[in-house]
Amino acid sequence: MFEIQKKDLYSGARTGILHTDHGIINTPVFMPVGTAGTVKGVLQRDLKEQVKAGIILGNTYHLYLRPGIDILREAGGLHKFMNWDRALLTDSGGYQVFSLSENRQLKEEGAMFRSHIDGSAHIFSPESVVDIQRIIGADIIMAFDECPPYPCDYDYARDSMMLTHRWLDRALERFNSTGQLYGHRQVLFPIVQGSVYSDLRKQSAEYIAARNMPGNAIGGLSVGEPAGMMYEMLNIVNGILPDDKPRYLMGVGTPVNILEAIDLGVDMFDCVMPTRNGRNGMLFTREGIINIRNKKWADDFSQIDGDGPSDISSYYSKAYLRHLIISGEMLGAQIASIHNLAFYLWLVDEARKQIEKGEFRNWKNKMTVALAQRI
RNA sequence: GGGGAGAUACCAAAGUGGCCAACUGGGGCAGACUGUAAAUCUGCUGUCGAAUGACUUCGUAGGUUCGAAUCCUGCUCUCCCCA
């Protein structure tokens, strides 16, 4: 499924190709988040033509609650339902165990949720989450895990990690005893946990590596811990996870986080930041971060990002986009989302080119300074 | 011409003797957002100061009172009803 093309001599960075039945994906890759079967505010057409996304995310928890698995099955899976013929990855709902923690109870069997929509009670188990993801039909599906919060004491982190491991083995059993429903291949990625504790991360990475799955994910990071801690954990984990399998860092992150993680050997990313922060007026550019709501852009009629990552980025002016965002116009959210996503895709694509040229480290060091800047 | 109501900060609008530099919306300015319960949330918004605080404000000019956005009088302006 995955083949490495080029390894950087001076860092852990590498380029690769990920094969799916919905197209091949060059790594490093950024995957736009489309929780409820839509990347918020962005047409599928624009995901292809402007953003140039080869793979996007959906979320098991959200899709299970609405529209529900019956509709998804009837539709023939999420690809058909949303008319997306490129690759899909579904998150398992593990993150919702974390983010909706007030509405949930954890047990060995699984997690009891209360729907954020109507308060109704539901149970997710490692098995049922595999079943649901079979019905959704994503190319890559995720094991059901617990994403512990930060800070998190050692005992909780250890117990949580071990629960995630037990859940993984149950998920694998279910996954291996069921098949795809729609004629294309599905693979399951397990998830490394262990909070910010080196020995737990090591233990978890070894456990996950031993399952010999087609790809491996790293979860439970960027939940509030300092970035340095995240890099430290990545360094440990990536030293253990097999080289010849893609490594997916879940939920990360800022452009700088992504470049640092690529440096440490991560291949796949997703994050709500380009879309959510875009809707809220934050734009990512090569020169740094723009808060387009700031008054200083009111009469700046230059392109949002001249010579930028998408046609949209150069088609509209900063002053116009500011006006739209300030006015709460939905076109503003669309433009900002498309631009930011295109920027993220450009960033990882450029990283890939730099790795191929053997100049990744130098380029990254230059870029991280500019990218973190507020302009 | 007669009768009535009103004038509060950028806008709207509370407040009717001390807890008022003045509720609340909106607007403005800034911040947050990392496997999306987020087109959401937070802070500030008279002047000066990092702050304790100081100073100037509730149409306008006076007055009553220890104390006035609030009570009294004159003036200016606005709106409504009748003719």
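Because the structure is a prediction, the values reported are computed rather than measured. Every chain is numbered from 1 and lettered A, B, ... according to where its sequence line falls, protein lines coming before strand lines.
Looking at A:R361 and A:D263, a side-chain N of the basic residue comes within less than 4.0 Å of a carboxylate O on the acidic one, giving a salt bridge.
The gap from the P atom of B:A61 to that of B:U76 amounts to 15 Å, rounded to the nearest Å. Here the separation of B:A5 from B:U73, taken at their P atoms, is 13 Å to the nearest Å. As rounded to the nearest Å, B:C19 and B:G6 have P atoms that lie 24 Å from one another. On the C1' atoms, B:G17 is 9 Å away from B:U65, given to the nearest whole Å. Taking atom P in both B:A54 and B:U64, the straight-line distance is 27 Å, to the nearest Å. Spacing between B:U56 and B:U47 at atom C1', rounded to whole Å, works out to 7 Å. Only the C1' atoms considered, B:A37 is 29 Å distant from B:C29, to the nearest whole Å. Atom C1' of B:C33 sits at a distance of 9 Å from the matching atom of B:C41, rounded to the whole Å.
Judged by distance alone, the side chains of A:Y207 and A:D169 do bring a donor and an acceptor atom under 3.5 Å apart. When only modelled atom types and interatomic distance are considered, A:T275 and A:K40 share no side-chain donor-acceptor pair under 3.5 Å.
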Quiz item: Along nucleotides 32-39 of chain B, 5' to 3', which nucleotides get a B, which get an S, and which get a -, given that the test is a protein heavy-atom distance under 4.0 Å?
Solution: BBBBBBBS
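Among the candidates A:L72, A:T38, A:I56, the single residue satisfying the side-chain contact (heavy atoms from CB on, under 4.5 Å) test with A:M82 is A:I56.
A:K295 places its NZ atom 13 Å from the C1' atom of B:U45, with the value rounded to the nearest Å. Rounded to an integer number of Å, the gap from CD1 of A:I325 to P of B:A30 is 14 Å. Counting to the nearest Å, the P atom of B:G27 and the CZ atom of A:R322 are 13 Å from each other.
At the heavy-atom level, A:I326 lies under 4.0 Å from the strands shown only through sugar-phosphate atoms.
Pair check for B:C75 finds B:G59; Watson-Crick or G-U wobble, both atom distances under 3.5 Å. In this structure B:A12 sits in a base pair with B:U24, meeting the Watson-Crick or G-U test at under 3.5 Å. When Watson-Crick and G-U wobble pairs are counted only if both distances are under 3.5 Å, B:A30 pairs with B:U42.
Remark: A:T254 pairs with A:N257 by the side chain to side chain donor-acceptor pair (under 3.5 Å) rule, at least two apart or across chains.
What you find for A:I136 and A:T60 is that their closest heavy atoms are CD1-CA, 4.0 Å.
Grouping the Ile, Leu, Val, Met, Phe, Trp and Tyr side chains by contacts below 4.5 angstrom, directly or via other members, places A:M268 apart from A:L88.
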